[in-house]
Amino acid sequence: MGKDENRTDENSKGEATVPVANFIREIIKEDMKSGRWGGKVVTRFPPEPNGYLHIGHAKAICIDFGSAQEFGGECHLRYDDTNPAKEDQEYIDSIQRDVRWLGFDWGKHCYYASDYFEKIHMWAIELIKQGKAYVDDLTADEIRKYRGTLTEPGKDSPCRNRSVEENLALFEKMANGDFEDGSRVLRARIDMASPNINLRDPVMYRILKAEHHRQGRRWKIYPMYDWAHGLEDSIEGVTHSLCSLEFEDHRPLYDWFLDQLSVHHPQQIEFARLNLTFTVMSKRKLKELVDKNYVAGWDDPRMPTLSGLRRRGFTPESIRNFCERIGVAKRDSTVDYALLEHCLREDLNKKAKRVMAVINPLKVVIKNYPEGMVEMIDAINNPEDASMGTRQVPFSGVLYIEKNDFMEVPPKKFFRLSPGREVRLRYGYFITCTDVVKNDAGEVVELRCTYDPQTKGGAAPDGRSPKATIHWVSAQHALDLEVRQYDKLFNSEAPGAGTDGDYLKDLNTDSLKVLLNCKGEPSLAHVTPEDKFQFERIGYFCVDKESTDEKTVFNRTVSLKDEWAKIVKKSGA
RNA sequence: UGGGGUGUCGUCCAAUGGCAAGACUCUGGAUUCUGGCUCCAGCUAUCGAGGUUCAAAUCCUUGCACCCCAGCCA
């Protein structure tokens, strides 16, 4: 497969992409060559089930699962459920659904950190016996004070030199639930003067008499991340423990615990997490958007959550391709949202069935079209993919066209319909606008046109060709649709950057426009949620789960690129 | 003023002492029954200052900027 070749780039459109070089691939490649792990690659994706996965997690998932896949290894899905206070079954389910939807398979390797609690507990006792862990009676507040600061060393706790026997006895009582929540902790005995604060006797266990979603009330103490994570990796035989940059400082601790216990010792490798323009990525902020009803839930189509993107109409392929293209490195960066949109359009262009729908209808009466006549016209389902075939669309003397495809006083470069001008109706006839009907308010409410019967199918015998082709829907056959036009959730490239951190001030109050009177061609009759279409000349749309029998609801996934909009913007503003 | 990281086009990201790639964005053009797609062309980059070398993004010295760390969160 040539996958061990050091190829750079080469992202030819559409086809499978060749991996971009990155430092993690390099490391694994080297390890494979040297036989460091016996030719095996084992990675893991270790989410804490305390929230929904978002596009940032998608990057991690692609790296974790992708690395294993690429080198013929395995990737474990492991719930890092060491804090029952925050975790919930709902999140476990959503995480599985999202990882699977993204296109990854953990096979039989779905694990829970909580399944290792027994083992981890034994190891803690071993560490105590080695004199490398102790029970501390200090309060949380005192521990903080004793820890020192970034520039000053910490102080030893008075409990630091307890005997092994006493520590063992106390720890057993902790585990038995004999002490109150928060009254004692087990700490590693490392170095209170370390310049790395993580090494100043980190807490290994805290007392927490909470109900665990899998363990019930069995445990009264729960291990901390730093203590548990390396052991979880070790138990599973992980070779490359990939995580984000903020854990770089924790690596010495990761290594220390595993070294003390002389167990299998994976290599922790850190990479930069994903930032995207025009969005926020922290769980806290996303939760706030949900809780304060700025959006309609975790799967609101404006959310960067995987469930939100799915509902918005993103394809897993487009997200995977995006994750490959952004690369993997160690520097903080913010990827242009336009790249995500590009990957989306690229994928949808290949796959989405074309269909005609009018989002802001304007009635058109074709005066010389025979009364009551209906013709069926062939239309191509996808010009990018002939195998998707054709369909028939009804044509009649009363149609809807898009309001903005007509201008009474056309500016320069406006090629669409205006009084006296001829345009082509997609797959249909050429029509010429003869009259404009207005209401009392002076608004255009109807157009009278004539058609040229010679131009059926879109070609004229005399070879003339209008500058514009517009889409349409036959009025008597039209389906009523609701269209939800979603836009960016934030106005600012970096929400909160210019508002003293108050990202809510950068919310785009126009991020959702609901259009209730849209018209669609009859082929849109039987659709199911997540079905994706291109509404010709407008954009990509997908069926929302809130569709009813009476009315199908479409979410605008992303608009088509729009040259005309650019021209307007340039001359207008 | 502790420790750990990172600085390459506007934005991502390559280069492993040997001609600074590619993608996205943007600009111009060709084509087109979608102002879509496609195609062609163009734009702009090695944080600064010294040094080593025939040759430096890469090595050395030094400075600067930015990110992370003082949870009984992960």
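Chain letters run A, B, ... following the sequence lines, proteins first, then strands; residues in each count from 1.
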Which whole number of Å gives the distance between the [atom1] atom of [N] and that of [M]?
N	M	atom1	result
C59(B)	U53(B)	C1'	9 Å
C60(B)	A70(B)	C1'	35 Å
C43(B)	A55(B)	P	29 Å
U61(B)	G42(B)	C1'	40 Å
C19(B)	U46(B)	C1'	15 Å
G7(B)	U58(B)	P	12 Å
G4(B)	G10(B)	C1'	30 Å

Checklist outcome for this item: 5' to 3', nucleotides 24-31 of chain B under a 4.0 Å protein heavy-atom cut-off (B base, S sugar-phosphate only, - none) gives SSSSS---
Checklist entry - Parallel, tilted or perpendicular for His250(A) and Phe247(A), by the 30°/60° rule? => result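 His250(A) vs Phe247(A) ring planes: perpendicular.
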Check whether any side-chain N or O of [X] sits under 4.0 Å from OP1 or OP2 of [N], and answer yes or no.
X	N	answer
Arg331(A)	U8(B)	yes
Thr149(A)	G2(B)	no
Arg537(A)	G35(B)	yes
Arg273(A)	C67(B)	no

Which nucleotide sits closest to the side chain of [X]: [options]?
X	options	value
Ile197(A)	A70(B), C12(B), A74(B)	A70(B)
Arg144(A)	A70(B), A74(B), G35(B)	A70(B)
Lys330(A)	U6(B), A70(B), A74(B)	U6(B)
Arg206(A)	U34(B), C72(B), A14(B)	C72(B)
Ala21(A)	U34(B), G35(B), A14(B)	A14(B)
Pro195(A)	U34(B), C12(B), G3(B)	G3(B)
His250(A)	U16(B), A74(B), C12(B)	A74(B)
Asp332(A)	C67(B), G36(B), U8(B)	C67(B)
Thr151(A)	G71(B), G2(B), G35(B)	G2(B)

Next on the checklist: Using the ring-ring contact (aromatic ring centres under 6.0 Å, His included) criterion, which residues pair with Tyr111(A)? Sequence neighbours excluded.
Outcome noted: His76(A), His109(A)
Over all strands shown, is [X] touching base, sugar-phosphate only, or nothing at heavy-atom distances under 4.0 angstrom?
X	value
Arg354(A)	base
Ile326(A)	sugar-phosphate
Tyr222(A)	nothing
Ser194(A)	nothing

Next on the checklist: What I'd like to find out is whether the side chain of Ser559(A) reaches to under 4.5 Å of the side chain of Arg345(A), using heavy atoms alone.
Outcome noted: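 The answer is yes, as the side chains (C-beta and beyond) meet within the 4.5 Å cut-off.
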Checklist entry - Hey, are the side chains of Lys353(A) and Ser523(A) touching, using non-hydrogen atoms and a 4.5 Å cut-off? => result yes
Item to check | Minimum-distance pair of heavy atoms, taken over all atoms of Val393(A) and Ala379(A) | outcome: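 Heavy-atom minimum between the residues: CG2-CB, 3.9 Å.
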Next on the checklist: Syn or anti for G71(B), given that syn means the glycosidic angle lies within 90° of 0?
Outcome noted: syn
Checklist entry - Going by modelled atom types, is there a donor-acceptor pair between the base of G3(B) and the side chain of Asp249(A) at under 3.5 Å? => result yes
Checklist entry - Which stems, defined as runs of 3 or more consecutive Watson-Crick or G-U wobble pairs with both pairing distances under 3.5 Å, involve RNA chain B? => result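 B:2-7 with B:64-69, B:10-12 with B:22-24, B:26-30 with B:38-42, B:47-51 with B:59-63 - these are the stems of 3 or more pairs that involve RNA chain B.
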